[in-house]
Amino acid sequence: SHELKTPLTSISGFAEIIKNGFVKQEDIPGFAGKIFEESQRLIVLVNDIIKISQLDEGGIPYDKEEIDLYDMAEEVLGRLAEPAKKKNINLQILGEHARIKGVRLILDEVIYNLCDNAIAYNRPDGSVTVTVEDTASGPRITVADTGIGIPREAQGRVFERFYRVDKSHSSGGTGLGLSIVKHGAAYLGAQVELHSEPGHGSTFILTFPKAEA
């Protein structure tokens with residue numbers, strides 16, 4: 001409720017100030033911009049809550065299909081090129097083509113959230129490396145960054161909803177990204193591993209079940 005009320009309170013406050021005539025005409029566009037930003041934040045939050053609820057309830061009305069992990073990861077990195085460029089973060093993809101049977105929308109959300117986090121919590125001039133492998137254990141995708149890292153005592157909680165390790169380093173996101181990763185991976189039958197050390201970045205590994213013969 002706190003996460004929902006914060007942007008709503010800002011929107012209501014800015015609108016009330018304008019309504020009561022306390023804003024100079026030339027300042028109205030600035031206030032309108034703040035209302036727009038907060039409303040966009042609220043829309044993203046509500047959409048993320050809906051995704052989590054759908055995954056919880058198994059209410060994903062989509063069929064499974066064969067998906068190439070490498071192709072999808074490459075496409076996701078393309079969409080994140082602009083935010084990465086703003087922080088001068090190098091994005092690269094390595095490995096090979098590996099295919100899984102899954103729901104494209106959910107897989108896209110999982111990979112996107114991992115890569116988005118890797119950029120958001122990275123250091124300027126850092127890097128994000130996505131590696132796709134077809135291993136004996138099953139297809140695997142690894143997202144490694146050179147960011148701030150996660151303390152050992154917090155690593156068991158980062159997949160909780162709204163949990164943030166350090167609010168001073170908050171990326172301005174909803175706090176639901178890694179929870180979506182956890183629930184989405186479970187829906188796809190994938191195992192999630194996290195390896196991280198403060199100051200030395202984080203590595204998330206998703207291993208998918210081997211295709212049935």
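What you are looking at is a predicted structure, and each value in this text was computed from that prediction instead of being measured.
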Where is the tightest heavy-atom contact between [X] and [Y], given as atom of each residue plus distance?
X	Y	value
Ala185	Leu206	CB-CD2, 3.9 Å
Arg104	Met72	CG-CE, 3.4 Å
Leu91	Leu77	CD1-O, 3.7 Å
Gly102	Ile67	O-CD1, 3.5 Å
Pro209	Pro139	O-CD, 3.7 Å
Lys210	Ala136	CD-O, 3.0 Å

Nearest-0.5 Å distance that lies between atom [atom1] in [X] and atom [atom2] in [Y]:
X	Y	atom1	atom2	result
Ser127	Gln92	OG	CD	6.5 Å
Ile180	Asn117	CD1	CG	10.0 Å
Ile89	Arg123	CD1	CZ	9.0 Å
Asp116	Glu109	CG	CD	10.5 Å
Ile150	Ser202	CD1	OG	4.0 Å

With a 4.5 Å cut-off on side-chain heavy atoms, are [Y] and [X] touching?
X	Y	result
Asn90	Val128	no
Thr207	Ile141	no
Val103	Leu107	no
Leu69	Phe208	yes
Pro198	Ile148	no

With sequence neighbours left out, write down each residue that passes side-chain contact (heavy atoms from CB on, under 4.5 Å) with Thr142, or none if nothing qualifies.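 Applying side-chain contact (heavy atoms from CB on, under 4.5 Å) to Thr142 gives Thr131, Glu133, Arg140, Thr203, Ile205.
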Tell me whether Asn88 contacts the main-chain N or O of Pro124 through its side chain, where contact means a donor paired with an acceptor under 3.5 Å.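 Checked: no pair found.
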Polar side-chain atom of Ser196 near backbone of Gly201 as donor-acceptor pair, under 3.5 Å: yes
Restricting to pairs with a member in residues 67-78, which pass salt bridge (charged side-chain N to carboxylate O under 4.0 Å, His left out), not counting sequence neighbours? Asp68-Arg99, Glu75-Arg79
Membership question, hydrophobic clusters at under 4.5 Å side-chain separation (ILVMFWY): are Ile17 and Ile11 in the same one?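 Same hydrophobic cluster.
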Over 12 foreign heavy atoms within 6.0 Å of NZ, Lys87: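 Yes, enclosed.
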Test side chain to side chain contact (heavy atoms under 4.5 Å, CB included) applied to Leu178 and Asn113, Leu194, Leu114, the passing residue: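 Going through Asn113, Leu194, Leu114 one by one, the side chain to side chain contact (heavy atoms under 4.5 Å, CB included) with Leu178 is satisfied by Leu114 alone.
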Thr146 side chain to Asn122 side chain, donor-acceptor N/O pair below 3.5 angstrom: yes
Residue pairs passing the ring-ring contact (aromatic ring centres under 6.0 Å, His included) test where at least one lies in residues 124-147, sequence neighbours excluded: none
Could you name each residue pair satisfying ring-ring contact (aromatic ring centres under 6.0 Å, His included) that touches residues 93-116, not counting sequence neighbours?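 The answer is Tyr70-His97.
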For a quick test of your reading: what N or O donor-acceptor pairs under 3.5 Å do the side chains of residues 24-36 make, sequence neighbours left out?
none

Quick test of your reading: applying side chain to side chain donor-acceptor pair (under 3.5 Å), list the pairs with at least one residue in residues 8-20, sequence neighbours left out, ordered by first then second residue. none
